[in-house]
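Working notes, structure below.
Throughout, protein chains are lettered first and strands after them, A, B, ... in sequence-line order, and every chain is numbered starting at 1.
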Amino acid sequence: MLSPDADSPPLFPAPVRVVDVLLPLALGAAYSYRVPDGMEVAPGDIVVVPLGTRNMLGCVWPRPEKATPVDPAKLKPIQRRCEVAPLNARMIAFIQWIADYTVTPPGMVLRLALRHDESAGVARERVGVRLTDHRPARRTTAREKVVAALADGLVRAKSEAAKEAGVSPSVVDGLIDDGVLETVVLPPEPAAETPDPDHAAPDLLPAQAEAAARLVDSVKSGSFQPFLIDGVTGSGKTETYFEAVAQAIRQGRQTLILMPEIALTQAFLDRFARRFGVRPAEWHSAVSTKRRGRVFRGVASGEVAVVAGARSALFLPFRDLGLILVDEEHDAAYKQEDGVHYHARDMAVVRARLEGATIALVSATPSIETEVNARRGRYTRLALPERFAGTKVPRLEPIDLRREGPPRGQWIAPRLAREMQSTIEAGGQALLFLNRRGYAPLTLCRACGHRIKCPSCSSWLVEHRFRRRLECHQCGYAMPVPHECPNCHEPNALIPCGPGVERLHEEAAKLFPEARLQVLSSDLAGGVERLRAELKAIEDGEVDIIIGTQLVAKGHNFPGLAMVGVIDADVGLGHGDPRAAERTFQLLHQVAGRAGRHEVEGRAFLQTYMPEHPVMQALVAGDRDAFYDREIAIREEAHLPPFARFCALIISGTDPHAAQAHARALAACSPFTDKVRVLGPAEAPLALIRGRHRYRLLARGERSFDLSAYVRAWMAGAPRATGSLRVDIDIDPQSFV
DNA sequence: AGCACGCCGACT
DNA sequence: GTCGGCGTGCTC
């Protein structure tokens, strides 16, 4: 074969080939690049392209129909194509969909899928070593140790061999050079072992078996179907959906189990292992970069069958995703509120639709959105009404703090104390739930009435007596506890107001001097290790009274827990947050549900100043439907999600005219101008103002509100210098299905 | 997101 | 005279 002469120009010069490359930047659109001769690229390929002075990783992107061609003089060539798995068409569609829906530049969404350095990395070849017949010419003690360690003639990874011999890896390298050891290429370490769908098939209750069968059928059908697994605490929701996982494995399709990060516990992984023989691949912030790289590539190759992961796992490049489970679907941690604003639960539904996958949202207390979708038949409800162990859902009893509250300066009502006493005497454990870390949430000056606030965000500083500091729970600011009032300088006038878990511990210790107490909060001294140890101690019955924050509501099991006392059931109610009732209901339901899981009849007590509040009434009556009926009616009336396309536009930036520009734009494009109000930070509901946003517009528009028209109007009228536009993601889940 | 460019204050 | 603060704007 004659090779073409490189010096002479071709007779017919090939036309310049141009493709779009999406870069992981906030750029509005993909940029065009020239494809060098001899390079083949297709949409989804990961490439390196020059941008300004640097080189960047990007993804070849489908060219829009009406793309404005870029000046050919500007075109730079693609540098190289990366030898990594390209994004498939479904993944591209997913990224584009999220970008459109959340009004975010597509590059920012791509970043979520490419961000992991591991996506570009290629698995490094693992080198193993084995002893040969040669013996070292130069003998040293270190070398002797290596020879002795490898005397069995088996292959070991290089680092492994050095570690076993107790020498540095360079000794091993030296022996390789001398021919004493030979190198062997090891097969790449598997990202995860393959779960066995038939490892330990469970016994299911009739309701579980029926629900499992529905899910299995759906996985078999290989088409998009959304479900809600709606089961009371302890009804075996996990075991039920594990059967769908087994089916997906049998069919060779992949499964994603999404969970809030804190719910992804050892206990869950162990349960999975008991059913499938091995643990699933994990994906969350605590997984090492190296391990993430393996999982990432394993997911792309299809080798990893099941991933259990936090929010960000939603953007993994699955080769063939057949099943998604969203555990604790009501959890607020699924909502991402910086960078790309998205709700992982809703985007999971979108991804399932694009992948042709079965999806099940799982909760004992579904979010309002999901409940509405189930009631309207968009999601198929699979109800698990009974507890697996045959025990009843704990009875909830209100304690009216107006009539039978504790004396001033104390927080455990006499009745609650009596119940705790008899619980402990009967050998059971009691949990006091108070969602406030530290000793006291407010420090007040008796002399001048000054309240100590955070200098940077003006919320109250929380006293942490153990650490002898005042801390801001919003921004992390901390200072030593002052000896005099910072305002009037009166010494010894500062008094702590209200309870935190530390103070509650103090009170409980006084009331029950014999009892063994343990505080559980996220700032427990000693970190994760200590927490794990304390949980073990509790499980082994070495603790009588647990005093815990939100931490105790999720994930961990307390087999000996007989009763729960909620110190302040009203926390969270009464602010302007439209989700206050929902959150309180979910949290209290969940905490109360911790009691009496195994053979012990559980009881729960709610200390409240408003026992007549609908949330308390619904909890005490055990009437979930009443709660949902009311919440749905309120939202429908107020045009809040899920009955409005969105409820808030957030403007980041500092331009004082920006709010007016938004107001004009809203008025220009909303058919419901009378329902559109512009609220300043002081007026907007407290919970909607968090952090750095200077202005927030609440557009209580109808679902027909045309967002793109709004954006156009805003762009036209926006002052030149301004921040960016973001859309809050509490939106209409109808459009996902 | 970076990185350059640019236009004003305190240094060798 | 220059070094360097970060405000603005561009990158195919």
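- Among the protein residues, A:Leu75 comes within range of the sugar-phosphate backbone only, with heavy atoms under 4.0 Å from sugar or phosphate atoms but none that close to a base.
- The distance between atom CG of A:Leu27 and atom P of C:dC12, rounded to the nearest whole Å, is 10 Å.
- The interatomic distance linking A:Lys76 (NZ) with C:dT11 (C1') rounds to 7 Å, in whole Å.
- Aromatic pair A:Phe94/A:Phe318: centroids not less than 6.0 angstrom apart.
- Side-chain contact, A:Asp20 with A:Ser32: a donor N or O sits under 3.5 Å from an acceptor N or O.
- Atom P of nucleotide C:dT11 and atom CE of A:Met108 are separated by 19 Å, given to the nearest angstrom.
- As rounded to whole Å, 13 Å separates atom C1' of C:dC12 from atom CZ of A:Arg54.
- One can place CG of A:Asp20 at 16 Å from P of C:dT11, the figure rounded to the nearest angstrom.
- One can place CG of A:Leu25 at 13 Å from P of C:dT11, the figure rounded to the nearest angstrom.
- Ion pairing between A:Glu40 and A:Arg17 holds under the 4.0 Å rule for side-chain N and carboxylate O.
- Residue A:Ser32 is in base contact, counting any heavy-atom pair closer than 4.0 Å across all strands shown.
- A:Glu329 contributes a side-chain N or O that, together with a main-chain N or O of A:Ser367, makes up a donor-acceptor pair within less than 3.5 Å.
- Think of the region where chain A sits on DNA chain B: with heavy atoms and a 4.0 Å cut, that region ends 5' and 3' at B:dA1 to B:dC3.
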Worked check of side chain to side chain contact (heavy atoms under 4.5 Å, CB included) between A:Gln586 and A:Ser363: CA-CA 10 Å; A:Gln586 286 161 345; A:Ser363 179; over 6 Å; no
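- A salt bridge links A:Glu582 to A:Arg635: one of the charged nitrogens lies within less than 4.0 Å of a carboxylate oxygen.
- Among the protein residues, A:Pro50 comes within range of the sugar-phosphate backbone only, with heavy atoms under 4.0 Å from sugar or phosphate atoms but none that close to a base.
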